[in-house]
Amino acid sequence: MSKIKAIRGMNDILPEQTPLWQYLEDCTRRVLNRYGYQQIRLPIVEQTELFKRSIGEVTDIVEKEMYTFDDRNGESLTLRPEGTAGCVRACEEHGLTFNQIQRLYYTGPMFRYERPQKGRYRQFHQIGVETFGMVGPDIDAELILLSARLWRELGLEENVRLELNSLGSSQARKTYRDELIAYLGNFKDELDPDSQRRLTSNPLRILDSKDGKTQEILKQAPSFVDFLDQESAIHFQELRTILDDNGIQYEVNPRLVRGLDYYCKTVFEWITDDLGAQGTVCAGGRYDGLVEQLGGRTTPAVGFAMGIERLVLMLQTLQRQPLGIDKTADVYLVAAGEEAQRWAIKLAEQIRNELDSLRVQVNCGASSFKAQLKRADKSGADVALIIGEEELAASEVSVKPLRGNGEQVRLSAGQLANHIKALMNK
Ligand code: ATP
Ligand code: MG
């Protein structure tokens, strides 16, 4: 019988990879805590309508990337392709948005039917941050400062750059949209097929086209900067001032439009040149109109999402893993025979009672001393505790340093914890 395999583009994250994932998640959570953000946990499945109404009917995501199915009641459901829509839905449903300030984050899998390649998968993971109730550029800046701090904590600050743009008000975008359609209409037949299709449905997305000929045509296109409404222009300028105050470097990219319809005013992306084509590791922006669009009262909002797989790839590629990250034990117990094994189990429990941050592993599954010591070494432990026949007879344990050139000593059970503590603190 043929073996059943995982779905294309949906990855198993194996034990050798999870330490890096946890490290990244822990770092992020710590940074978010330091800025006073709270976690929200959301369902993975939502009504299809939620995504259509928020992300936009004529976006890539809704047109061709969603995993949509009818449940047994015939209701159309979709595996979430992103987290913002669900977060807004939940906050509205539980009265968390109106007249309140919220700083929230969530993490988990997202699903998009894309062509799988390095840094692009069909099930991928994001850490998303959303804020509600704050109109000014101060909170936009906070989100950027927070993410910049995370890159510093992870040792990635030299490897990411920030691109910024303002999409202005919906009115300004509408005026610009018409101008852009008028201009691009002159070159309709020369545009790439995707852009031709978008000319009437979603012309701003054409600015993002990777096609050489289309890019050439875009060079002479009207620039959005000339259409930006005054309020958005002031907002953008103030954001830039706060970033300058805090020494954050950025590049204003007038072509940055993002693939989701709900953005207005500030949009930004953190991009790396170390991963090839899939270079955006974190992206977000302001979406002041979305809460209302989903039936709530007007609520200013801004957020971003980072792609965990891409950040993990970066940490690996640039070798920024912290030392000893794949270690599973600090202390490894090795025993010869049944009686020694029973004592080893008891001793290990005793050590765990006394030293609660230590990772203590007992060799299980009888095997030769040599094989056990090999496992001890593989675990990354600094010390092996050995109970052989001699040790058992004397009610003592041999403490064998596995790294460096410390001396092996024999101790009674009562002396163990202190000795190990001293060894580890060196
Ligand atoms: P891209 O331009 O790379 O397609 P996007 O604009 O579709 O990204 P968002 O929807 O803003 O991305 O999602 C935020 C982040 O989530 C991205 O910057 C990226 O790091 C990550 N991401 C998005 N789609 C995928 C995917 N299919 N596989 C892995 N990571 C992804
Ligand atoms: Mg995409």
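Heavy atoms only: backbone and side chains are in, while hydrogens, waters and symmetry mates are out. Whatever order the structure lists ligands and atoms in, that order sets their numbers, starting from 1. Quick note: residue numbers are just sequence positions, from 1. Source: prediction; values computed, not measured.
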Which parts of the protein, at residue level, reach under 4.0 Å of ligand 1 through a heavy atom? R112, E114, G119, R120, Y121, F124, Q126, R258, L260, T280, V281, C282, A283, A305, G307, R310
In short, salt bridge (charged side-chain N to carboxylate O under 4.0 Å, His left out) pairs touching residues 31-52 with sequence neighbours left out are R34-E153, E46-R89, E49-R53
Looking only at side chains, do E130 and Y106 share a donor and an acceptor under 3.5 Å apart? yes
So the salt bridge (charged side-chain N to carboxylate O under 4.0 Å, His left out) pairs with at least one residue in residues 356-365 (sequence neighbours excluded) are D330-R359
Can you tell me how far OG of S147 sits from CZ of F268, rounded to the nearest 0.5 angstrom? 5.5 Å
Check salt bridge (Lys or Arg N to Asp or Glu O under 4.0 Å) between E309 and all other residues, then give those that pass, not counting sequence neighbours. none
What distance separates L164 CG from F236 CZ, expressed to the nearest 0.5 Å? 5.0 Å
